[in-house]
Amino acid sequence: MRAISVRRGHPLLTTALKINPQSPIDHLLAMFADWGGLLQYYLAMGVDLSKLIERIPKAELHLHIEGTLEPELMLALAQRNQIELPYADVDEIRRAYEFSDLQSFLDIYYAGAAVLITEQDYYDLTWAYLERAASDNVRHVEIFFDPQTHTDRGISFATVIYGIYRALQDGETNLNITFRLIMCFLRHLSADDAMNTLEEALPHKSCIHAVGLDSSEVGHPPSKFVAVFDRAREEGFLTVAHAGEEGPPEYIWEALDLLKVERIDHGVRAIEDAKLVARLVDEKMPLTVCPLSNLKLRVFNTLEEHNLKELLDAGLCVTINSDDPAYFGGYIGENFRQSQRALGLSAEDIYLLAKNAFIASFISDGDKKRYIQELEMAMK
Ligand code: HPA
Ligand code: ZN
C-alpha cells in the first residue's frame with residue numbers, strides 16, 4: 001500500500017507510461033518501472049533521521065495554546081484555583097484521552113481549559129509550551145488562542161491575552177523564539193459572537209497578528225463567518241482557517257474565496273479534489289498539517305496511510321505541526337519523527353517541510369532568509 005501511495009505522486013511517470021492510477025495492474029507496472037523511486041523510498045524508511053530532525057531549526061504554525069495543557073499542569077492549576085476536576089490523578093486524565101473524532105476531543109479539551117483563571121495561569125501554560133518547544137529547537141511559533149473558551153466563563157479578554165503575550169515576550173528574550181499570536185473564533189458559536197469577540201480584541205490589536213477559525217468543522221462552513229473576516233481584514237489582521245480536516249474540500253474553497261486566507265489549517269481533504277490541489281499548488285497556499293492529531297482524531301486510521309507525503313509530492317507547501325500536543329501524544333519533533341518513520345520521508349523531504357514552515361510564516365522576508373540559512377547550515 002505504501003509503495004502505491006508513493007506511486008500516485010509521480011505524474012511524469014504515469015503520463016509517460018499511460019498508466020491509469022485507479023487500476024491495480026497499472027499500479028504494479030508503475031511500481032516496477034519506477035524502481036529508482038521505490039529504492040529511494042525504502043532506503044529512506046531504513047535511515048534514522050532522528051538526529052537530523054532534532055537539530056534542524058523549526059517553525060510551528062498550528063498550535064492551540066489551550067491544547068498544550070499537560071495533565072500535570074491541569075491538576076496543579078485545579079488545585080491552585082480550587083476547581084474540582086472529574087479526575088483523581090494524571091493517569092486518569094490520560095486515560096480519558098480516547099477520542100473517536102474531533103467532537104469527542106473538543107468536549108474534553110474545553111472542559112480541561114476551565115482550570116485557567118488568572119493571568120499567571122495563562123503565563124504558566126504558555127511558558128511551559130515554549131520551554132518544550134525550545135527543546136525541539138523550535139525557533140518561531142505562531143500560536144492560536146480561543147478567547148471565547150475563556151470569556152464565556154467570565155474571564156476577561158485582557159487576563160487571557162496579557163498572560164499569553166507576556167510569556168511569548170519572555171520566550172523571545174530568554175529562549176530565542178520569535179512569535180506571532182493568532183486569535184481563533186469558535187465556529188460552533190454564532191457569527192455575532194465572533195463579531196463581538198473581534199470588537200473585544202481591537203484594543204489589543206497590536207498583540208494579535210491574524211485571526212483564524214477552529215472548533216467543530218462539519219456544519220459550520222467558512223461562509224458563516226464572511227462578515228467577521230471582512231471586518232478583521234479591514235482592521236489589518238491576516239486570516240487563516242481550519243478547513244478540510246473533517247469537513248469537505250468545499251470548505252477549503254470557501255476559506256480561500258470568501259475568507260481570503262493566507263494559509264489553510266489541516267487541509268488534508270484537499271486531495272479529494274484535483275482542481276483544488278492544482279489551485280493550492282498554483283497559489284503556493286500553505287497547509288499546516290498535524291499528523292499525530294489526524295491519527296488521534298481518526299482522520300487517518302494509521303500514520304502510514306496519512307497523505308502528507310502525497311501532498312508534498314504533488315507540490316503543495318506542506319508543513320508539520322502538533323495542533324494540541326498535550327492531547328495528541330507528541331510535540332512537533334515527535335510529529336516529524338513519527339511521520340518520517342511511517343512515510344519513509346527522506347532528508348530532502350524533512351528539509352522541505354521545515355523550510356516550508358519558515359516560508360509560510362508571518363515574519364519578515366529578512367527573518368525568513370535568516371532562518372532558512374540556519375536550516376541549511378543544520379542540514380550539512
Ligand atoms: N480542529 C478544530 N478545532 C480545534 C482543533 C482542531 O484540530 N484543535 C483545537 N481546536
Ligand atoms: Zn487545530
Side-chain angles (χ1 to χ4, degrees), residues 59-70 74 97 99-114 116 125-126 129 133 141-152 160 164 180-189 193-194 197 210-222 224-225 239-248 251-252 254-255 259 261-270 286-300 303 306-308 318-332 335 357 360-361:
E60 175 142 68
L61 308 179
H62 186 154
L63 183 281
H64 301 261
I65 199 63
E66 296 88 349
T68 68
L69 180 59
E70 290 288 348
M74 193 190 289
Y97 295 173
F99 315 119
S100 52
D101 56 13
L102 178 59
Q103 193 58 53
S104 60
F105 153 68
L106 290 170
D107 293 341
I108 288 186
Y109 163 87
Y110 294 130
L116 297 160
L125 173 73
T126 309
Y129 162 67
V141 293
E142 301 196 350
I143 69 167
F144 298 128
F145 74 116
D146 292 336
Q148 288 153 297
T149 299
H150 314 291
T151 52
D152 286 2
V160 179
I164 297 172
R180 297 281 185 264
L181 194 50
I182 304 173
M183 172 175 80
C184 278
F185 303 115
L186 299 182
R187 68 202 303 160
H188 68 276
L189 301 178
D193 255 29
T197 301
V211 299
L213 197 57
D214 65 4
S215 190
S216 327
E217 187 180 3
V218 175
H220 303 285
K224 180 174 159 185
F225 296 94
T239 63
V240 297
H242 283 54
E245 178 187 16
E246 284 190 345
Y251 285 18
I252 304 178
E254 285 191 8
L259 305 188
V261 295
E262 309 285 331
R263 299 194 294 250
I264 297 287
D265 295 313
H266 292 296
V268 290
R269 286 194 60 191
L287 300 189
T288 63
V289 175
C290 308
L292 291 178
S293 161
N294 294 155
L295 181 65
K296 266 282 189 184
L297 302 188
R298 310 209 190 153
V299 177
F300 298 93
L303 213 48
H306 199 290
N307 65 12
L308 178 148
V318 178
T319 67
I320 286 191
N321 308 270
S322 67
D323 207 3
D324 302 284
Y327 292 88
F328 299 148
Y331 286 76
I332 188 170
N335 272 271
S361 71

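For the numbers below, each heavy atom of this structure counts, side chains included, while hydrogens, waters and symmetry mates do not. Order of listing sets the numbers, starting from 1, for every ligand and every atom in it.
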Worksheet item: Considering residues at least two apart in sequence or located in another chain, which fulfil the side-chain contact (heavy atoms from CB on, under 4.5 Å) criterion with Pro286?
Response: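 With sequence neighbours excluded, Pro286 shows a side-chain contact (heavy atoms from CB on, under 4.5 Å) to Arg263, Cys317, Ala360, given in chain and number order.
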
Fill in: With sequence neighbours excluded, residues passing side-chain contact (heavy atoms from CB on, under 4.5 Å) with Ala243
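Applying side-chain contact (heavy atoms from CB on, under 4.5 Å) to Ala243 gives Glu217, Tyr251, Ile252, Ala255, Ile264.
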
Worksheet item: Is there a side-chain contact (heavy atoms from CB on, under 4.5 Å) between Arg187 and Phe225 once you walk through the steps?
Response: CA-CA 8 Å; Arg187 68 202 303 160; Phe225 296 94; 3.6 Å; yes

Fill in: Parallel, tilted or perpendicular: rings of His62 and Phe144 (30°, 60°)
perpendicular

Discussion item. Can you classify the ring geometry of His64 versus His242 as parallel (below 30°), tilted (30 to 60°) or perpendicular (above 60°)?
Written reply: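 The rings of His64 and His242 sit tilted, inter-plane angle from 30° to 60°.
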
Practice prompt. Just do the side-chain contact (heavy atoms from CB on, under 4.5 Å) check on Thr68 and Leu125 with the steps written out, would you?
Written response: CA-CA 7 Å; Thr68 68; Leu125 173 73; 3.6 Å; yes

Discussion item. Checking Glu60 against Ser322 for the side chain to side chain donor-acceptor pair (under 3.5 Å) test, could you report, in this order, the C-alpha distance in whole Å, the side-chain angles of both residues, the deciding distance, and whether it holds?
Written reply: CA-CA 8 Å; Glu60 175 142 68; Ser322 67; 2.9 Å; yes

Item to complete: Tell me how many protein N, O or S atoms are closer than 2.8 Å to the Zn ion (ligand 2).
Response: 4

Practice prompt. Report the C-alpha distance between Ser293 and Glu245 in whole Å, list the side-chain angles of each, state the deciding distance to 0.1 Å, and finish with yes or no for side-chain contact (heavy atoms from CB on, under 4.5 Å).
Written response: CA-CA 10 Å; Ser293 161; Glu245 178 187 16; 4.2 Å; yes

Discussion item. Looking only at the aromatic ring of each residue, does the gap between the centers of Tyr97 and Phe328 stay below 6.0 angstrom?
Written reply: no

Response to the item:
Within the 4.0 Å heavy-atom cut-off around ligand 1, the contacting residues, ordered by chain and number, are His64, Leu102, Phe105, Leu106, Tyr109, Asp214, Ser215, His242, Glu245, His266, Asp323, Asp324

